[in-house]
2 protein chains.
Amino acid sequence: MVNKRSKNETKRKQILNSAIDLFTEQGYAAASMDLIAKNADVSKQTVYSHFGSKDDLFFAAIEQVCASLHILDLSMDDLSDPQHILLQLAQRFTEVITSKQACSVHKICAFESGAYPQVSDIFYQAAPLRVTNEVAQLMAKLHEQKILNIDNAWHAALQFLNMMKGELWMQIEFNTKERLTPQEVDDYLRDSVDFFIRGYAIK
Amino acid sequence: MVNKRSKNETKRKQILNSAIDLFTEQGYAAASMDLIAKNADVSKQTVYSHFGSKDDLFFAAIEQVCASLHILDLSMDDLSDPQHILLQLAQRFTEVITSKQACSVHKICAFESGAYPQVSDIFYQAAPLRVTNEVAQLMAKLHEQKILNIDNAWHAALQFLNMMKGELWMQIEFNTKERLTPQEVDDYLRDSVDFFIRGYAIK
DNA sequence: CAAAATAAACTAGACAGTCCAGTTTGATCT
DNA sequence: AGATCAAACTGGACTGTCTAGTTTATTTTG
């Protein structure tokens, strides 16, 4: 009926992006609403009119960033060369888990898992569970097609993914000064893929 | 001539314990010096006289708790039954990483790794690196004694330990509502030990 | 014109760190 | 042993800063 003016969707996105930046970079407590508003180029009041409270904004930000996490995208057409397929998967996985975005949101969700279990659950579902499911499907296909002998595809997926994290993930998690070279990482991945294939070889 | 009265070591310990409790439970920012003093049954001034600042107290607390982390304690005498040895190791490792103390300090060190790299480094050295080293020694012995065929003991240790974390660790890290049953965990560990042995079996 | 957005001031509470006035403690000196 | 003295300790008040969230008066815009 009356021509009601709707809130500006662009501003909502600006606020959300600013919130994502600050929350993931600094954590919940250290990110202030004043700065979020300022970085969004928006008044503080507008922030509160779009998102009722800091908590609400936090949820929305984490939800948004989890939804946008790009994931493995496995193609499962030609599995005849498992060595090649699995190495690619391992390399792709390494890229994903070392991306700045994924690391930041992982860190904050793990830290706030006590105070905000909803938030860490969103991440858990969106990232590790989702990826493990994808990989488990691949494992199941490798078994079906008698390329590898994998009794329990879910276990195999967990083993594979956790294994590939290796030392690199610890170094990122604890922000160590020294880092593995890309060569060392690649060596580890290749070693691990070979090991995986030996462990699940058809006998 | 000059009067020397030394600070009360008991109070220092009370303060440190209180700080460890609060920092590990609530994180650096959320733990207030007032509450630390109160829980230590000590005046705020005494806290500042023993530890100059909140940062100093934080470092001391993390250092203390890392030093006290009990670790694997492998006995490497009779390795003739690798299946048994490795399963025990896996079970012991699972206990260690699921202990409340280890989880709390892991969480806070990972979270503060940006703002306080010294702190996360202390943990990194004290826990994951130390354990991996221990296990790598075991792997090397298994190779020497021709029980398993392990080219790269360091890689094998990383593979083994990361693999054993499995789904359980993710659930703890993200404080999920649903948890694996002890039976499910044990099944996974046994599966993984078998897989590991197959992958590194002597031809 | 009415809803949306703005800037800026404001409230109320928390926190790190300091200050202070008075009390306890324990080592040293007589 | 008793007097002395400096340092440790106490509790509470205080400063300055920061924060979430609110209010208000004004401007923009569909």
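Every chain is numbered from 1 and lettered A, B, ... according to where its sequence line falls, protein lines coming before strand lines. Computation of the quantities below employed the complete heavy-atom set of this structure, encompassing side-chain atoms and omitting hydrogens, waters and symmetry-equivalent molecules.
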- Message: Angle between ring planes, B:Phe174 versus A:Phe123, binned at 30° and 60°: parallel, tilted or perpendicular?
- Response: tilted
For [X] and [N], is the shortest distance between a side-chain N/O and OP1 or OP2 below 4.0 Å?
X	N	value
A:Ser53	D:dA20	no
A:His50	C:dA4	no
A:Ser43	C:dA8	no

- Query: Within the side chain of A:Asn175, is there an N or O that forms a donor-acceptor pair under 3.5 Å with the backbone of B:Ser113?
  - Reply: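 Checked: pair present.
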- Message: For a salt bridge (charged side-chain N to carboxylate O under 4.0 Å, His left out) check, start with the C-alpha distance between B:Glu95 and B:Arg92, then their side-chain angles and the critical distance, and finish with the verdict.
- Response: CA-CA 5 Å; B:Glu95 275 171 38; B:Arg92 178 85 188 100; 3.4 Å; yes
Please write out each protein N/O paired with an N/O of nucleotides 15-19 of chain D under 3.5 Å, distance rounded to 0.1 Å.
none

- Which part of the nucleic acid does A:Lys44 contact within heavy-atom distance under 4.0 Å: base, sugar-phosphate only, or nothing?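 Base contact - A:Lys44 has a heavy atom under 4.0 Å of at least one base atom.
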Rounded to the Å, how far apart are [X] [atom1] and [N] [atom2]?
X	N	atom1	atom2	value
B:Glu9	C:dT25	CD	P	18 Å
A:Gln45	C:dC10	CD	C1'	13 Å
B:Asp56	C:dA16	CG	C1'	13 Å
A:Lys38	D:dA20	NZ	P	15 Å

- A:Tyr48 side chain, from C-beta outward: closest of D:dT10, D:dA20, C:dG17: D:dA20
- Item | Under-4.0 Å salt bridge between B:Lys38 and B:Asp34 | no
- Item | Residue pair B:Arg198, B:Asp194: steps toward the salt bridge (charged side-chain N to carboxylate O under 4.0 Å, His left out) verdict | CA-CA 6 Å; B:Arg198 286 198 307 275; B:Asp194 291 347; 5.5 Å; no
